[in-house]
Amino acid sequence: MVEPFYKETGLNFECQRCSFCCGHSPGFVYLSKRDLDALCAFKKMSIKEFTENYCRWADYYYGTQVLALKEQKNFDCILWNSGCSCYEARPVQCSTWPFWSWMVESKESWEECARECPGMNKGRNWSFEEIEQNRKAYTENQPLHREEVEELIRKEEEK
């Protein structure tokens, strides 16, 4: 196995609050069970209310659909309003940026992403251990499929 290019030096990243990763172009913020629970608790909303107001179905692998946050007309995340309105409860996908598995796969992929994100290669140095913790959290954070959400709503309504 090849050692990660950041094994000895870590990587520098400090958010510049440019919102690039939160919008400007179409994309998906997929929601896991952990994400949905945290956002519902933060907003003090039921799963049904939250999904109806803030979510959409995104086509996923093998003809399935998964839960994702809606976007505003300008492609900003629905939770973005001059900053993340749910920062304390933000999805794992958001909190692990830019240490996503495919971004840290190679020096080339990291540098390609850094051309669009002004916080990459600047500011705080993240250790190998911190990067790996974020990479692993991103990889393990699986989005909820439509059937799973529908079942959660059914159970919620039975209470």
Side-chain angles (χ1 to χ4, degrees), residues 1-43 50-51 54-72 74-146 148-149 152:
M1 184 173 135
V2 178
E3 291 286 319
F5 73 96
Y6 51 88
K7 174 92 173 155
E8 299 301 321
T9 59
L11 291 167
N12 291 78
F13 171 72
E14 191 165 326
C15 182
Q16 304 297 301
R17 297 190 52 77
C18 73
S19 80
F20 171 77
C21 58
C22 302
H24 306 296
S25 60
F28 297 101
V29 175
Y30 299 119
L31 299 180
S32 66
K33 174 78 165 72
R34 173 251 171 239
D35 298 331
L36 183 60
D37 288 345
L39 289 164
C40 287
F42 185 82
K43 289 282 197 180
F50 185 83
T51 58
Y54 293 97
C55 298
R56 63 181 167 145
W57 297 110
D59 291 334
Y60 204 59
Y61 299 105
Y62 313 110
T64 62
Q65 290 187 318
V66 294
L67 193 64
L69 289 173
K70 288 179 183 176
E71 295 173 328
Q72 299 176 47
N74 65 355
F75 301 116
D76 284 355
C77 173
I78 193 167
L79 301 176
W80 182 261
N81 183 10
S82 299
C84 181
S85 64
C86 293
Y87 187 82
E88 297 83 5
R90 70 193 185 281
V92 169
Q93 183 177 329
C94 304
S95 67
T96 57
W97 171 274
F99 305 116
W100 297 354
S101 50
W102 64 270
M103 283 188 194
V104 297
E105 185 175 34
S106 68
K107 178 89 171 139
E108 293 76 24
S109 59
W110 177 263
E111 292 302 332
E112 185 177 327
C113 293
R115 285 196 288 274
E116 295 182 334
C117 174
M120 293 170 73
N121 296 326
K122 291 188 179 92
R124 176 178 180 250
N125 182 264
W126 294 68
S127 70
F128 170 76
E129 292 77 19
E130 290 173 310
I131 296 164
E132 286 299 291
Q133 182 179 7
N134 278 283
R135 185 193 59 75
K136 184 176 188 244
Y138 171 79
T139 302
E140 292 176 353
N141 196 56
Q142 295 299 309
L144 282 166
H145 286 80
R146 186 177 203 132
E148 294 172 302
V149 175
L152 290 170

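We count residues from 1, following the sequence as given.
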Grab the two heavy atoms, one from [X] and one from [Y], that are nearest each other, plus how far apart they are.
X      : Y      : answer
Ala38  : Ala89  : O-CB, 3.6 Å
Tyr54  : Ile78  : O-CG2, 3.7 Å
Leu31  : Cys55  : CD1-SG, 3.7 Å
Ile131 : Leu11  : CD1-N, 3.5 Å
Gly83  : Arg17  : CA-NH2, 3.7 Å
Asn12  : Gly123 : ND2-O, 2.7 Å

Can you tell if the side chain of [X] reaches within under 4.5 Å of the side chain of [Y], non-hydrogen atoms only?
X      : Y      : result
Val149 : Val66  : no
Phe42  : Glu88  : yes
Pro91  : Leu39  : yes
Met103 : Pro98  : yes
Pro118 : Cys18  : yes
Phe20  : Glu116 : yes

(message) Trp97 and side-chain contact (heavy atoms from CB on, under 4.5 Å): which single residue from Cys113, Cys22, Cys21 fits?
(response) Cys21
(request) Sort and list the pairs that fulfil side chain to side chain donor-acceptor pair (under 3.5 Å) and have at least one residue in residues 76-86, not counting sequence neighbours. (result) Asn74-Asp76
(message) With side chain to side chain contact (heavy atoms under 4.5 Å, CB included) as the criterion, how do Cys77 and Gln72 come out once you've worked through the C-alpha distance, each side chain's angles and the decisive distance to 0.1 Å?
(response) CA-CA 6 Å; Cys77 173; Gln72 299 176 47; 5.8 Å; no
For [X], give me all partners under side-chain hydrogen bond (donor to acceptor under 3.5 Å, both in side chains), at least two apart in sequence or on another chain.
X      : answer
Thr139 : none
Ser95  : none
Glu132 : Tyr6, Arg135

(message) For Arg124, is there any backbone N or O sitting under 3.5 Å from a side-chain donor or acceptor partner on Glu14?
(response) yes
(request) Mark yes or no for whether Ser109, through its side chain, and Trp102, through its backbone, hold a donor-acceptor pair below 3.5 Å. (result) yes
(request) Could you pull out all residues at least two apart from Phe99 that satisfy ring pair (Phe, Tyr, Trp, His ring centres under 6.0 Å)? (result) Trp110, Trp126
(request) With sequence neighbours left out, write down each residue that passes ring pair (Phe, Tyr, Trp, His ring centres under 6.0 Å) with Phe28, or none if nothing qualifies. (result) Tyr30
For [X], which residues count as a side-chain contact (heavy atoms from CB on, under 4.5 Å) partner, sequence neighbours excluded?
X      : result
Glu148 : Leu144, His145
Glu111 : Lys107, Ala114, Asn121
Arg146 : Trp57, Gln65, Glu150
Ala137 : Val92, Thr96

(message) Tell me whether the count of non-hydrogen atoms from other residues, nucleotides or ligands lying under 6.0 Å of NZ in Lys136 goes above 12.
(response) no
(message) Please report the interatomic distance CE(Met120) to SG(Cys15), rounded to the nearest 0.5 Å.
(response) 12.0 Å
(request) Kindly compute the distance separating SG (Cys40) from CG (Leu152), expressed to the nearest 0.5 Å. (result) 9.5 Å
(request) Any salt bridge (charged side-chain N to carboxylate O under 4.0 Å, His left out) involving residues 24-40? Give me the pairs, sequence neighbours left out, ordered by first then second residue. (result) Lys33-Asp37
(request) Keeping to residues at least two apart or across chains, list the salt bridge (charged side-chain N to carboxylate O under 4.0 Å, His left out) pairs with something in residues 54-72. (result) Arg56-Glu71
